[in-house]
> 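Below is the structure I would like to discuss, written out as structure tokens.
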There are 2 protein chains.
Amino acid sequence: MGLRERKKEKTRLALLDAALDLFLEQGYETTTVEQIAGVVDVSSRTFFRYFSSKEHLALWWHDHGEEIMQECLRDRPLDEPPFTSLLHCVRAVIADMRNSTPEDTDRFLKVRKLYENNPMLVGRAVARGSQTELRLVEEVARRTGRDPATDQLPALIVGFAMAAMRVGFECPGQEITDLAELTGRMEATLVVVEASFRPGWDLAA
Amino acid sequence: MGLRERKKEKTRLALLDAALDLFLEQGYETTTVEQIAGVVDVSSRTFFRYFSSKEHLALWWHDHGEEIMQECLRDRPLDEPPFTSLLHCVRAVIADMRNSTPEDTDRFLKVRKLYENNPMLVGRAVARGSQTELRLVEEVARRTGRDPATDQLPALIVGFAMAAMRVGFECPGQEITDLAELTGRMEATLVVVEASFRPGWDLAA
DNA sequence: TTGTCATCTGTCACTCCCTGACATACATTA
DNA sequence: TAATGTATGTCAGGGAGTGACAGATGACAA
């Protein structure tokens, strides 16, 4: 990896960290792009070359998680019930969080705190991930031989799985200072979810 | 109702209709507030006095639906399982759509079409409704004697119910020109949802 | 009818988000 | 070291959204 790429990555992470800290200090809305760029000593224009929008920063982990889910889904056996597959994908996201660097660990916790302070950001994450969600629906439909145009079940399966992941990640109203605590809660949520559905519901006629 | 209020309501609806038509004709992003205001012959400043944002227009039905859900939940018997209560609330929203004026009927169909063309707007709706969703979680927790801070079940219950409503309303990839078709699909989705959960899951220990 | 009062509206000026274009500075590679 | 490609800063500008102020228009009482 050349000097150029190293510098880019460094700037990218510096922007991300500066933004997360400012968001938590003085609020998401009141923090301007100019401020964030100022901390890292780059121009606002450069900021937008690294992150397509201010939102993009706050939704950093979400983008990453969606990639993992898509990859993971492709690797699941075809005869596995689709909802089970998706919960495996959520667990893959959790595993990735567990295997992350200490720096990324801090970022996960900060993002969670940010979501707690700004619940609307969760919705913005849904908005940003709408394309991915559609692709997941397509994939689930393909794997189960269903037509997503006339059959809402694939959309329901994906919708429920994503809702489960969000609820697990948010942990509203709790002081969470440890990644293990966060991932533990996410796991616990998945266990509750698994016990909530009727066996075979995601393969119903 | 005085002339003043009638004029206001007229302007409000004119803005809404002009916006929906423009959104469907030339796209949501490319339509400017100035254009919408221009059609109705008011200033952009006045537009923002009627709708707090451009998004607010597109999310008109969503705001309305959330109000109904909150009211409805309060009227449900306390001994009813919470998820069942919420599905009743969704049905109250559907009933309201069925009882709406022909003008509102057109608007429902246009909004649905708009969501189909711009899936990210669904997420924006989630973002806008995040406060309401939190209140629903609080209410479900209160009614079931749970602590939303340590117990994710209330959040899951609400998350699943809202996901069900969204999936039913979206009807991705389908030509829908009739309100009865739309409400029928939403009902059908709810029936699928009701059959998917294990009895008593929303009261689990 | 008229005058007063409340409210609605338009204009203006402003901040912030975000983008395209262009010139410059820098890293890479030969 | 020279040539090339990429990253950055500056500048200009559009669109969303807001605060302040003045003028227009309904509401209402005398």
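Reminder, nothing fancy here: chain letters follow the sequence lines and each chain counts from 1.
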> Give, ordered by number, those residues of residues 41-51 of chain B having at least one heavy-atom distance below 4.0 Å to an atom of DNA chain D; if nothing qualifies, reply none.
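Close to the strand are B/R45, B/F48, B/R49.
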
> Do A/H88 and A/R76 touch side chain to side chain, with heavy atoms closer than 4.5 Å?
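The answer is yes; the side chains approach within 4.5 Å.
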
> Please name the residue in the list A/L57, A/V40, A/T11 that meets the side-chain contact (heavy atoms from CB on, under 4.5 Å) test with A/F47.
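Answer after filtering A/L57, A/V40, A/T11: A/L57.
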
> Please work out which residues in residues 16-31 of chain A have a non-hydrogen atom less than 4.0 Å from an atom of DNA chain D and list them by number.
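None - not one residue of the stretch has a heavy atom sitting under 4.0 Å from the strand.
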
> Let me know the distance between NZ of A/K8 and P of D/dG5, rounded to the nearest Å.
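Result: 16 Å.
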
> Rounded off to whole Å, could you give me the CD-to-P distance for the B/E34 and D/dA16 pair?
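Those two atoms, CD and P, are 8 Å apart.
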
> Under a 4.0 Å threshold between the charged nitrogen and the carboxylate oxygen, would B/K10 count as salt-bridged to B/E103?
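Between B/K10 and B/E103 there is no salt bridge, as every charged N stays at least 4.0 Å from the carboxylate O atoms.
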
> Assign a letter to each nucleotide of nucleotides 24-30 of chain D from its 5' end: B, base within under 4.0 Å of a protein heavy atom; S, sugar-phosphate only; -, no contact.
-BBS---

> How close do A/C72 and A/A92 get, counting heavy atoms only, and between which atoms?
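Distance-wise, the nearest heavy atoms are SG-CB, 4.0 Å.
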
> Within this structure, what is the CZ-to-P distance between A/R6 and D/dA7, rounded to whole angstrom?
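Result: 15 Å.
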
> Can you pull the side chain to side chain donor-acceptor pair (under 3.5 Å) pairs that have at least one residue in residues 131-141 of chain B, sequence neighbours excluded?
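Output for this query lists B/E66-B/T132, B/E139-B/R142.
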
> Only distances under 3.5 Å count here; give the side-chain donor-acceptor pairs of residues 14-23 of chain B to other protein atoms, sequence neighbours excluded, each with its distance to 0.1 Å.
from	atom 1	to	atom 2	distance (Å)
B/D17	OD1	B/R107	NE	2.7
B/D17	OD2	B/R107	NH2	2.9
B/D21	OD1	B/K110	NZ	2.8

> Rounded to whole Å, how long is the line connecting atom CG of B/L15 with atom C1' of C/dT9?
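So the CG-C1' distance, B/L15 to C/dT9, works out to 13 Å.
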
> Short of 4.0 Å, heavy atom to strand atom, which residues of residues 52-59 of chain B count as contacting DNA chain D?
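Within this stretch, B/S52, B/S53, B/K54 sit under 4.0 Å of the strand.
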
> Verify, without hydrogens or angle tests, whether A/Q35 (side chain) and A/T32 (backbone) share a donor-acceptor contact under 3.5 angstrom.
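It does hold such a pair.
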
> Is the backbone of A/L73 close enough, under 3.5 Å, to the side chain of A/R143 for a donor and an acceptor to pair up by distance?
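Answer holds: yes.
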
> Determine whether B/D104 and B/W60 make a side-chain contact, defined as any pair of heavy atoms from C-beta on separated by less than 4.5 Å.
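Side chain of B/D104 against side chain of B/W60, heavy atoms only: contact under 4.5 Å found.
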
> Taking the six-membered ring for Trp, are the ring centroids of A/F83 and A/F197 within less than 6.0 Å of each other?
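Yes, the ring centres sit under 6.0 Å apart.
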
> Are the side chains of A/F160 and B/V193 in touch, meaning some heavy atoms are under 4.5 Å apart?
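Yes, close enough: below the 4.5 Å cut-off.
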
> Hey, are A/E116 and A/R112 close enough for a salt bridge, meaning a charged N less than 4.0 Å from a carboxylate O?
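Looking at A/E116 and A/R112, the cut-off is met.
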
> Between A/R98 and A/E187, is there a side-chain N and carboxylate O pair less than 4.0 Å apart?
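Judged by the 4.0 Å cut-off on N to carboxylate O distance, A/R98 and A/E187 do form a salt bridge.
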
